[in-house]
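First the proteins, then the strands, lettered A, B, ... as listed; each starts at 1.
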Amino acid sequence: MLSAQGFGGPGKMKEYHYAGAVENRFSPYAFNGGTVLAVAGEDFAIVASDTRLSEGYSIHSRDSPKCYKLTDTTVIGCSGFHGDCLTLTKIIDARLKMYKHSNNKTMTSGAIAAMLSTILYSRRFFPYYVYNIIGGLDEEGKGAVYSFDPVGSYQRDTYKAGGSASAMLQPLLDNQIGFKNMEGVQHLPLTQEKAVQLVKDVFISAAERDVYTGDALRVCVITKDGINEQTIPLRKD
Amino acid sequence: MALQDLCNFGDIFQESVGTARNVMAVGQRKSCSYATGVALSNSTSLFHFYIPEACYLDESPIQFGQISTMQSSSGIPSQETLPIPSSLPESLPFTSSQVVPLPFPMAHGTTTLAFMFQGGVLAAADTRSSCSGLVACPASQKILPIHSHLVGTTSGTSADCALWKRILSRELRLYQLRYGRRLSTRGAAKLLSHMLHPFKGTELCVAATLCGWDGGEPDDGCRAHKGSEMDHGESRETTKAHLEKTAGAPGEKVSVSKTQSSSFTKQQCSRRKISFSGPSLFYVCSDGTRLEGSLFSVGSGSPYAYSILDQGVRWGLTVEEATSIAREAVYRATHRDAYSGNFVDVYHVTSKGWTRRTREDLKEEYYREKEKRRLERERRGTTFPG
């Protein structure tokens, strides 16, 4: 799993000069890359992620999407440390089932978000190294996006990018969807087709500039008719 | 006790043992052992904190996970073995365990302020949530309502502040249900301080000011009211035309709860202590500080805010004047402090509850100020740069 040579901690390059006595501690975390994005519209929500799983200079898999379907109206995108992503989604699935069995109804997106916050915070002192974004429809059928930090702080947004290319994508989304920092532009509401096209364009840009993002893009569009998934190829280099 | 509920780490559900757990005994404190990350429904405590056994971090990864025959704490207990109480001291489960070095930064940096005046308590904060150089969220909420008459400003790690405020709301509500009256702001500050105390020395970071209005509940025959103060405060409240109640960020509801205070009795009960009613402001920090005061500013931008507040805050301010000083203080702090910015939220707590002013974008304010300066320069005819 871990190649000891050339691994200087999550996402960092090892230095090749004498830096004095070095203690190589085992780190329980690794950084597996990947970018996740979610956009909420009037009656739809989109959750998209790339499918590259990397570690250091290696690519483990080109087909490891980071969107996980939770219910018919909710999808979660998890990026960061793949081990924690898997465990976290297993825990969420188990809790969803428990809720369904004891309350006889499916959890709503808002409830899942609140529950995930407490799950993440219960590991406040040994956090899940996962950046989560939940996309789905709320009780009124409007699109909802909830973004989290690794220890459980969350809030509802209209759009959010998380993962390795988040710092590049978020300003682009601020500009295109939030109409920030533009003067004299008409604020048109976002249609579903335009949103999907924007998401594709944005990921193509991310794949150009971020080494951990690429290979393919998985887009999940959530509407009241269900969840529709598409896969679009991205740069493989 | 409600406090033991939350901070009692002996109350950890052990799935592998499969024991049915009773309601925890008061004062029982088992030493730190493994807990699952799943807080299951039959627990009365909100959180089970997973504290890693630090020694595995020092071992070679080859032996990682192997159960040795040595005593207690080596490797991770598997399903077959019972979690053995470790050698960590009972009273402070966290201090001996080394913290796992985090690969990511936490959200920090802010400007929040609160002060008391004749019209109640005013709290203001910026909305930038930064994560070592990146703005994680430009529109976060740093002032969280706890109940109808208590509002808390948050500073420090946003996850810690949000969760501990939730816990505080829960405890205050339980208090209200058990004892039939709202806990005072002083009591709430003490409660929060004591809840955070077990985490002293860990990386938990919460610096909150609790702003509330105490008293004024009806059916309180045995509590003496400083009736004159209440009337005084209410009559001086000018029309809050600019204090709009809006929906704010999506999903948020703003409410003004009307207390039943207009017809409270002014009886004196000679057997009871005279209890304070009126505005109240406390500062609580996760390192153990708990202070009462009439003016606080917390966060990386607080020095800049203090300079504006110290200049202008007096008891006799009107609501508009107070709001404009609070706004100005946050605006100046956001201008100079890199970790504060974006919007400003202003909350006003009175005997009738809290109201929230519409969130205002400070970027517009900069342009207005620049425009004002330019006009002034033209008027004066000087050529100095603004």
Side-chain angles (χ1 to χ4, degrees), chain A residues 1-2 4 9-12 25-31 40 80-81 87-88 91-92 94-95 98-99 102 110 113-115 117-129 131 138 142 144-158 160 166-167 170-171 174 178 180-181, chain B residues 35-41 46-54 56-64 93-94 97-107 129 131 133-141 154 157-164 166-167 199 202-204 249-252 361 363:
Chain A
M1 181 182 84
L2 294 167
K12 291 207 286 268
R25 279 181 59 126
F26 169 68
S27 166
Y29 295 113
F31 181 63
F81 172 42
T87 306
L88 190 62
I91 290 178
I92 297 174
R95 292 289 297 271
M98 283 159 57
Y99 184 96
S102 49
M115 176 185 76
S117 173
T118 48
I119 293 175
L120 292 171
Y121 198 79
S122 71
R123 291 276 295 251
R124 170 66 175 83
F125 299 105
F126 184 16
Y128 290 111
Y129 182 18
Y131 290 92
D138 65 7
K142 295 206 180 83
V145 165
Y146 297 92
S147 62
F148 292 77
D149 81 349
V151 276
S153 164
Y154 80 104
Q155 65 172 67
R156 187 171 171 174
D157 291 312
T158 318
K160 187 79 178 170
S166 60
Q170 190 65 32
D174 282 336
K180 301 252 177 87
N181 305 310
Chain B
T36 59
V38 182
L40 296 183
S41 55
L46 187 59
F47 294 125
H48 303 288
F49 282 105
Y50 177 74
I51 307 108
E53 288 279 352
Y56 80 80
L57 293 171
D58 291 335
E59 287 174 0
S60 150
I62 299 168
Q63 287 162 12
F64 180 62
F94 294 108
S97 137
Q98 290 155 315
V99 178
V100 179
L102 290 178
F104 51 79
M106 304 274 241
S129 181
C131 228
L134 179 66
V135 175
C137 179
S140 52
Q141 251 228 328
T154 64
T157 314
S158 38
D160 291 330
C161 292
L163 268 295
W164 283 103
R166 258 179 98 178
I167 297 174
F199 298 94
T202 68
E203 56 196 25
L204 205 81
E252 244 168 5
D361 191 350
K363 194 171 57 151

Query raised in the report: Listed by chain and number, what are the ring pair (Phe, Tyr, Trp, His ring centres under 6.0 Å) partners of Phe148(A), not counting sequence neighbours?
Result: Tyr154(A)
Query raised in the report: To the nearest 0.5 Å, how far apart are CG in Asp157(A) and SG in Cys137(B)?
Result: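 If I round to the nearest 0.5 Å, the distance is 5.5 Å.
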Query raised in the report: Arg124(A) versus Thr202(B): any side-chain heavy-atom pair under 4.5 Å?
Result: no
Query raised in the report: What is the ring orientation for Trp164(B) with Tyr121(A), classed by angle as parallel under 30°, tilted 30 to 60°, or perpendicular over 60°?
Result: perpendicular
**Report entry** Ala139(B) to Gln155(A) - nearest heavy-atom pair and separation
**Finding:**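 So the two residues come closest at O-NE2, 3.5 Å.
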Query raised in the report: So, for Ser158(B) and Ser153(A), which heavy atoms are closest and what is the spacing to 0.1 Å?
Result: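 Minimum heavy-atom contact is OG-OG, 3.5 Å.
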Query - For Lys180(A), all residues meeting salt bridge (charged side-chain N to carboxylate O under 4.0 Å, His left out), sequence neighbours excluded - result: none
**Report entry** Atom group of Lys160(A) that falls short of 4.5 Å from chain B, counting heavy atoms
**Finding:**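 Interface part for Lys160(A): side chain.
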